[in-house]
Amino acid sequence: MEAQTKICQNCKVLFTIEPEDFNFYEKIKVPPPTFCPECRLTRRLTWRNEGILYKQKCGFCKKGIITNNSPFNKFSIYCHDCWYGDGWDAFKYGKNYDFSKDFFTQWKELMDITPNINLWGLNNINSEYANYTGYSKNIYLSNAVNCEDIYYSRLVDKSKNLVDCYYVSNSEFCYENFITRKVYNCSFLNNCSDCIDSFFLFDCRNCQNCFMCSSLRNKCFYIRNKKYSREDYLKELERFKLNSFKYLEKYKIEFESLIKNNIHKFANIVNSVNVSGDNIINSKNLKDCFMVEGENTKYSWRVFNGIKDSYDISGGLKNELVYESSLAADDGYFTKFFSHCKGNKNSDLIHLCVNCSNIFGCVSLKNKQYCILNKQYTKEEYEELVPKIIKHMNDMPYVDHIGRSYGYGEFFPSELSPFAYNETTAQEYFPLTKEEALKQGYKWKEREERNYNIDIKNEDIPDSINDVDESIINKVIECRNNPDALRGRSPDQNASGCTEAFKIIPQELQFYQRMNLPLPRLCPNCRHYQRLKQRNPLKLWHRQCMCDKDNHNHKGKCTVEFETSYAPERPEIVYCEQCYNQEIY
Ligand SMILES: [Zn+2]
Ligand SMILES: [Zn+2]
Ligand SMILES: [Zn+2]
Ligand SMILES: [Zn+2]
Ligand SMILES: [Zn+2]
């Protein structure tokens, strides 16, 4: 089959389906997509709410729980133990397929009555506020896999003792690190690996005791890219007063301009062949992938542990031959259009299902086979009925309220998601205003009235950690973006999900004291939103290397071209791998 250009049903932009894509779609038995890759990604992300949490009661055992589902949803929420337990039967909600109605309307009716799990977690200890977390201990307002003692952090793997980090792996004692690996006792690192005892580093590798440096390799005792003796370095560091918030604010501004003025490599790709995207490691044959470790995979985000032969996965671990998922935990195989699932085989259009095979259109099933809309069939009945439903889905597609049509081959429509657009990961990567979101057919969550009794005004938070003692714990501290603190200026507040006030928990205070760092001024959601501003979009542009150095092995301007997440209009200088490597120290 030849490459084909199509018009996206959603944004009306042209997109290309390559011959190898047709082979993939044929292999997994789905029709080619009608949404472009970016609109498909956004649609999947509207089904992921990582961090907007609510207090509710378990619909089964009635104990208090934390959940990412707002009380507006009709289904009941079960705590982890009740949802996984045998005390209830998801077949109770099952329905016969009704050929007089479209599939997605029937599926939504099933979702609205079937109990959901409060948060997505597996095998965690002491982590009731952790979402998207597995095999971990002491995780608080974070998502993490194989971790311990992680606070206010996202996308963390195999790490311990982190506060306010984003996309960090194999690290310990880190604060405000952003896209880093194998780092110990460091704060404010951006795009670094294998560093120890350092502060404010951008793209450094294997460095120790460095402060405010960029593009260093294998260095020790450097300040602002200048070598110091051990004694002088330690003396200077003392003078920097990193335990003072006022001083830190100045260094943050300095660091921001250091990053902006530094040269940038077109992408962060480690130990990989034939890949396009950003933050890719140990991979081969990837296209348009971000934060991925795998092979023969396209259009995916945040997948690791070796995904294989898959397209369109947003969040996941080891899977094979899977397509269009908003969370694919381990061991899925030949499964398509699924949200928050683990270990399912040969299944389609399922939500919150675990270790099932041959199920179609089901919600909250565990260890089942041959089911449609939560109803049990024999193998023969199942194999006869599924093709009829697929045909019916195309004869009578679901049409959403702004006219987009969903036959077989589409992920779940955003308007059926339990979440409003600004509760989801979609808002983090593709931010919209309320007006834009409503116009594009999404739901929107209005700001909640909170009216906290503030114990400590923002300007009264002590400047140095030395002036803080245990009495700070459980005090209600005003967020700097609180409308009162801002006196009417509040541009970021709705977008960031600002909670207006925050508390310091005991483990967190211990961490700041050990690391000698001041207390934060923003609530956790605002801090997360600040960090997100540092990252590039999940988008690629075809560009040419900007290097024109005459000491490189090119005459005049370098002609190397690449796919990069740096848009052409951005101020940063972007180099190809070879030119960049000639400029590091
Ligand atoms: Zn589109
Ligand atoms: Zn319960
Ligand atoms: Zn806030
Ligand atoms: Zn170049
Ligand atoms: Zn060059």
Side-chain angles (χ1 to χ4, degrees), residues 3 8 13 15-18 20-21 24 33 35-45 48 154-155 157 166-169 178-181 190-193 203 264-320 322-328 425-426 428-430 532 534-546 560-568 570 572 574-578 580-581:
C8 170
V13 164
F15 70 103
T16 307
I17 302 178
E18 306 286 348
E20 67 193 39
D21 302 339
F24 175 79
F35 278 37
C36 73
E38 186 177 314
C39 291
R40 298 199 304 268
L41 170 63
T42 312
R43 181 169 61 183
R44 290 189 301 275
L45 294 181
R48 273 181 79 98
R154 299 281 184 94
L155 315 182
D157 311 314
Y166 182 85
Y167 198 47
V168 169
S169 64
F178 185 80
I179 310 183
T180 59
R181 294 185 300 122
N190 187 320
N191 275 289
C192 294
S193 69
D203 189 30
H264 290 243
K265 191 158 76 174
F266 73 102
N268 180 17
I269 293 169
V270 181
N271 190 27
S272 299
V273 272
N274 185 32
V275 300
S276 73
D278 202 8
N279 298 309
I280 292 171
I281 183 165
N282 304 332
S283 295
K284 66 180 186 200
N285 307 326
L286 303 184
K287 186 172 188 272
D288 278 25
C289 282
F290 300 85
M291 306 180 181
V292 170
E293 179 181 5
E295 63 183 80
N296 307 329
T297 290
K298 287 193 185 186
Y299 312 120
S300 292
W301 167 83
R302 171 63 176 164
V303 204
F304 64 113
N305 259 2
I307 189 156
K308 241 172 101 175
D309 303 319
S310 298
Y311 280 26
D312 290 60
I313 306 303
S314 305
L317 297 148
K318 191 170 157 255
N319 278 270
E320 203 179 322
V322 291
Y323 176 56
E324 284 260 44
S325 174
S326 62
L327 180 77
T425 316
E428 297 184 3
Y429 283 95
F430 304 99
L532 288 180
Q534 298 176 56
R535 56 116 189 78
N536 284 6
L538 302 176
K539 248 185 201 191
L540 296 175
W541 286 267
H542 190 83
R543 293 183 64 181
Q544 189 185 330
C545 177
M546 292 166 80
V560 171
E561 293 177 22
F562 42 66
E563 305 290 320
T564 179
S565 59
Y566 290 96
R570 284 175 67 125
E572 295 93 342
V574 182
Y575 278 16
C576 70
E577 177 104 37
Q578 212 175 34
Y580 185 84
N581 285 341

From [atom1] ([X]) to [atom2] ([Y]), nearest 0.5 Å:
X	Y	atom1	atom2	answer
Ile269	Leu286	CD1	CG	9.0 Å
Ile307	Ile313	CD1	CD1	5.0 Å
Arg535	Glu428	CZ	CD	7.5 Å
Leu538	Ser300	CG	OG	11.0 Å

| pair Thr297-Val303: side-chain heavy atoms closer than 4.5 Å | no

| request: Report yes if some heavy atom in the side chain of Phe24 is under 4.5 Å from a heavy atom in the side chain of Asn296; otherwise report no. | output: no

List the residues meeting side chain to side chain contact (heavy atoms under 4.5 Å, CB included) with [X], not counting sequence neighbours, and say none if there are none.
X	value
Val13	Cys11
Asn274	Asn285
Asn268	Ile179, Asn191, Arg205, Val270, Asp278, Asn279
Lys298	Glu18, Glu20, Asp21, Lys287, Tyr311

Non-hydrogen atoms of [X] and [Y] that approach each other most closely:
X	Y	answer
Ser326	Arg44	CB-O, 3.4 Å
Pro33	Phe15	O-CZ, 3.7 Å
Ala328	Asn319	O-ND2, 3.1 Å
Cys545	Tyr575	SG-CA, 3.8 Å
Lys265	Tyr566	O-CE1, 3.7 Å
Ser314	Leu41	OG-CD1, 3.5 Å

| message | side chain to side chain contact (heavy atoms under 4.5 Å, CB included) for Phe304 and Ile281? Distances and angles first, verdict last. | response | CA-CA 9 Å; Phe304 64 113; Ile281 183 165; over 6 Å; no

| Thr180 side chain to Phe178 main-chain N or O, any donor-acceptor pair under 3.5 Å? | no

| request: Indicate yes or no for a side-chain donor-acceptor contact from Arg40 to the backbone of Phe35 under 3.5 Å, with no hydrogens or angles considered. | output: yes

| Given Asp288 and Ser276, is the side chain to side chain contact (heavy atoms under 4.5 Å, CB included) satisfied, shown in steps? | CA-CA 5 Å; Asp288 278 25; Ser276 73; 3.9 Å; yes

| query | Do the ring planes of Phe562 and Phe266 sit parallel (below 30°), tilted (30 to 60°) or perpendicular (above 60°)? | reply | parallel

| Listed partners of Asn305 passing side chain to side chain donor-acceptor pair (under 3.5 Å), at least two apart | none

| Residue list, side chain to side chain donor-acceptor pair (under 3.5 Å) with Glu572, at least two apart or on another chain | Arg570

| Stepwise, does the side chain to side chain contact (heavy atoms under 4.5 Å, CB included) test hold for Val560 with Gln578? | CA-CA 9 Å; Val560 171; Gln578 212 175 34; 5.6 Å; no

